[in-house]
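Computed from a prediction, not measured in an experiment: that's the story for all the values here. In what follows, every chain begins at residue 1, and chains take the letters A, B, ... in the order their sequences are listed.
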There are 2 protein chains.
Amino acid sequence: MSLATASRVLNGSTRKVAESYRERVEAAAEKLGYTPNLSAQATARGTSAMVALLVPDIADPASALLASGVARGAEEAGVVLTIAVTEHDPEREVRLVHALRGHRPRGLILAEARSGAPQGADLERELQAFADMNGRAVTVGGEEKTARSIALDDRAGARALGAELAGRGYREAVVVAAPAGLRASDARVEGFAEGFQSGGGEVREIRRSGFARDDGYAAARDLLADGLDAGTLVFAVSDAVAFGVMAAVQDAGREVGADIAVAGFDDIPAARDIRPGLTTVRVPLEEVGYRALRAVVETDPDASTPGLTLEVLVRESTPPRR
Amino acid sequence: MSLATASRVLNGSTRKVAESYRERVEAAAEKLGYTPNLSAQATARGTSAMVALLVPDIADPASALLASGVARGAEEAGVVLTIAVTEHDPEREVRLVHALRGHRPRGLILAEARSGAPQGADLERELQAFADMNGRAVTVGGEEKTARSIALDDRAGARALGAELAGRGYREAVVVAAPAGLRASDARVEGFAEGFQSGGGEVREIRRSGFARDDGYAAARDLLADGLDAGTLVFAVSDAVAFGVMAAVQDAGREVGADIAVAGFDDIPAARDIRPGLTTVRVPLEEVGYRALRAVVETDPDASTPGLTLEVLVRESTPPRR
DNA sequence: TTGTACGCGTTATCAC
DNA sequence: GTGATAACGCGTACAA
């Protein structure tokens, strides 16, 4: 028979093909361990069954959890997932999007969105080029004009956390944040300040640090060296950083909780295992990743998204104080 | 000018092309935001600049760390990385390898190797088919005939841990392990038993559980319900599971360390942040991932690998006992 | 329903 | 050094 017939049975074309042929083709494919050459398929179709995910650091538990959700969705949708690591570097991010574009992926998921558009011009250009070849970009909480976005109200979550802790008697706080310009971090800093102040507290300082546990450790060490009053609350914009803060506090011979309170953000799995348990805001990262993937493959313009809620989780790292 | 010339400047062919042409081509490419269609490139070349990684669960810190190393190597080698999740399911693993093959990746990295070859026949067939199309497969500690392997002596590491803890006075141990048939888990169980017994200890029981933190929790809960003498050591074959064990012990009102000692394996980053600090064996997972990627792209038959060593890390979860 | 033939974007083999 | 041109493996009008 002809190649065309075989092609039709193997790639689920709308066309119908006689059962006898279909069986023979399938048997042959099975016997030969045949796999369609997806590259050739992609050149012919102009797009490939692939979705690319860009995360700042795959070793970071939050990124890993998000990636996990994306992977689940990808498996379900039958697309392969490629993951690239930006290391929080905007230039690298642009380069990666450019390179990834070469594979003509169906979609692109950007896990780390930036706020403001200063250096975002290059990215925007790449995303536009990507859109021009019918690719769909999705950002997590971003505001790119050329991309869809998974809504995530970090600001409201942080506000609720700030209010809750002010209500528990904390009056002075120090925030350990990522460098300005990142949507999630910025929103968390602002939201926390709003909530904490509304409850009568005061944010003494915003300390900039990196994104990893060790960066949090270093920041807290410096903070402690500069002198930190007992009863102060340290709010780190991510649990990973909060872990470092806790370690630094303990290494300095102070007690986390009664002496220096610590709160984080994300609720990574280890947050409940660490001692004292870390007060934080739960972000449904796995679900966020899954939805991002869905947003990529979904054909509907905008399928209804029930709305993702962030939940404040108070644990032992912030005992009531009065 | 001709397409051929443009192609030559854009893909770093060995051929030389006049400087004037080169400049014009590069300028045009830049202006148009041109990206070579890697799919077409792959069809033409017969292989793509892509490496696929299969991990059991990307949300697991150990897998994430390994993936991180692979990603670093991939970036360095200029290949894109695709990640698929097996969920520890052999059948799914085979399906994934088959599907991934469609992309004609240059290489394939299997993070979770199995011991024994009962159900490994299908996998072996896929790997053989992959090798036939000039793909290179690498397993972490595996023994597939059709794949290279990154050597990792889990057995020796576990033996050292067992000996060390027996030397610290522990006499009775319970092992919480993954289902039999997985190389890493099996090697760790056997090694630990050897070391512990050589030091005068005795392994009372080998309890099978899943791979995640919650599985460890459940296993420990059952173990405690069945009655666990004070002074018993619980060795979990991974830190993730050990975290769950610790939580269960604490939730049962017993103290980790003085009462029930706990040890793990991997030394995931959180192992030093949890309290008490978790005694474990450090596996250089990031480096393992990096090497696996190198082994895929390396042209030399077998570039010298300095040898990866596992190091016993004794922390507070296993205080001296006598 | 099935077969033919062309196109997808790129590389590689030839002549020039 | 450069330019035609035939693959690469597959999708898909279009014709049969």
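Only one option out of A:V55, A:V94, A:L96 pairs with A:T86 in a side chain to side chain contact (heavy atoms under 4.5 Å, CB included); it is A:L96. Partner of A:T139 under the side chain to side chain contact (heavy atoms under 4.5 Å, CB included) criterion, out of A:L108, A:T146, A:L110: A:L110 alone.
Residues satisfying the ring-ring contact (aromatic ring centres under 6.0 Å, His included) test with A:H98, not counting sequence neighbours, are none. Here A:E286 pairs with A:R72 under the side-chain hydrogen bond (donor to acceptor under 3.5 Å, both in side chains) rule; sequence neighbours left out. By the side-chain hydrogen bond (donor to acceptor under 3.5 Å, both in side chains) test, B:R95 pairs with no residue at all, sequence neighbours left out. Applying the side-chain hydrogen bond (donor to acceptor under 3.5 Å, both in side chains) test to A:D266 and every residue at least two apart in sequence or in another chain returns A:R188. For B:Q41, the side-chain hydrogen bond (donor to acceptor under 3.5 Å, both in side chains) test picks out no residue, with sequence neighbours left out. Under the ring-ring contact (aromatic ring centres under 6.0 Å, His included) criterion, B:F211 pairs with B:H88, sequence neighbours left out.
In this structure, B:N37 atom CG and C:dG9 atom C1' are separated by 6 Å, rounded to whole Å. Distance A:R104 CZ to D:dG11 C1': 17 Å, rounded to the nearest Å. Counting to the nearest Å, the P atom of D:dC10 and the CG atom of A:L38 are 9 Å from each other. Going from atom CG of B:L10 over to atom P of C:dG9 covers 15 Å, rounded to whole Å. Distance B:L3 CG to D:dG3 P: 10 Å, rounded to the nearest Å.
At least one side-chain heavy atom of A:L54 sits less than 4.5 Å from a side-chain heavy atom of A:L100. Residues B:N134 and B:T47 fail the side-chain proximity criterion, which asks for heavy atoms closer than 4.5 Å.
The pair B:R148-B:E298 does not meet the salt-bridge criterion, since no charged nitrogen lies less than 4.0 angstrom from a carboxylate oxygen. A salt bridge links B:R101 and B:E126; the closest N-O separation between the charged side-chain nitrogens and carboxylate oxygens is under 4.0 Å.
Between its two ends, the helix from C:dT1-D:dA16 to C:dC16-D:dG1 turns its axis by 40°, counting five pairs per end and rounding to 10 degrees.
Nearest heavy-atom pair, B:S39 versus B:N37, reported as atom, atom and distance to 0.1 Å: N-OD1, 2.9 Å. A:A295 and A:I150 make their closest contact through CB-CD1, 4.1 Å (heavy atoms, listed as atom of the first residue, atom of the second, distance).
Within the structure, every side-chain polar atom (N or O) of B:T5 is placed at least 4.0 Å from both OP1 and OP2 of D:dT2. Close to D:dT2, at under 4.0 Å from its OP1 or OP2, lies no side-chain N or O of B:S2.
With no hydrogens or angles considered, no side-chain donor-acceptor pair links A:S149 and A:E143 at under 3.5 Å.
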Please tabulate, one pair per line, each protein N/O and nucleotide N/O from nucleotides 13-16 of chain D that are separated by under 3.5 Å, including the distance.
none

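The stretch residues 25-35 of chain B has no heavy atom under 4.0 Å from DNA chain D, so no residue of it qualifies as close. DNA chain D lies under 4.0 Å from no heavy atom of any residue of residues 125-135 of chain B. Contacts between residues 41-52 of chain B and DNA chain C, counted as heavy-atom distances below 4.0 Å, involve B:Q41, B:T43, B:A44, B:R45.
Residue pairs meeting the side chain to side chain donor-acceptor pair (under 3.5 Å) criterion with at least one partner in residues 49-69 of chain B, sequence neighbours excluded, do not occur; the list is empty.
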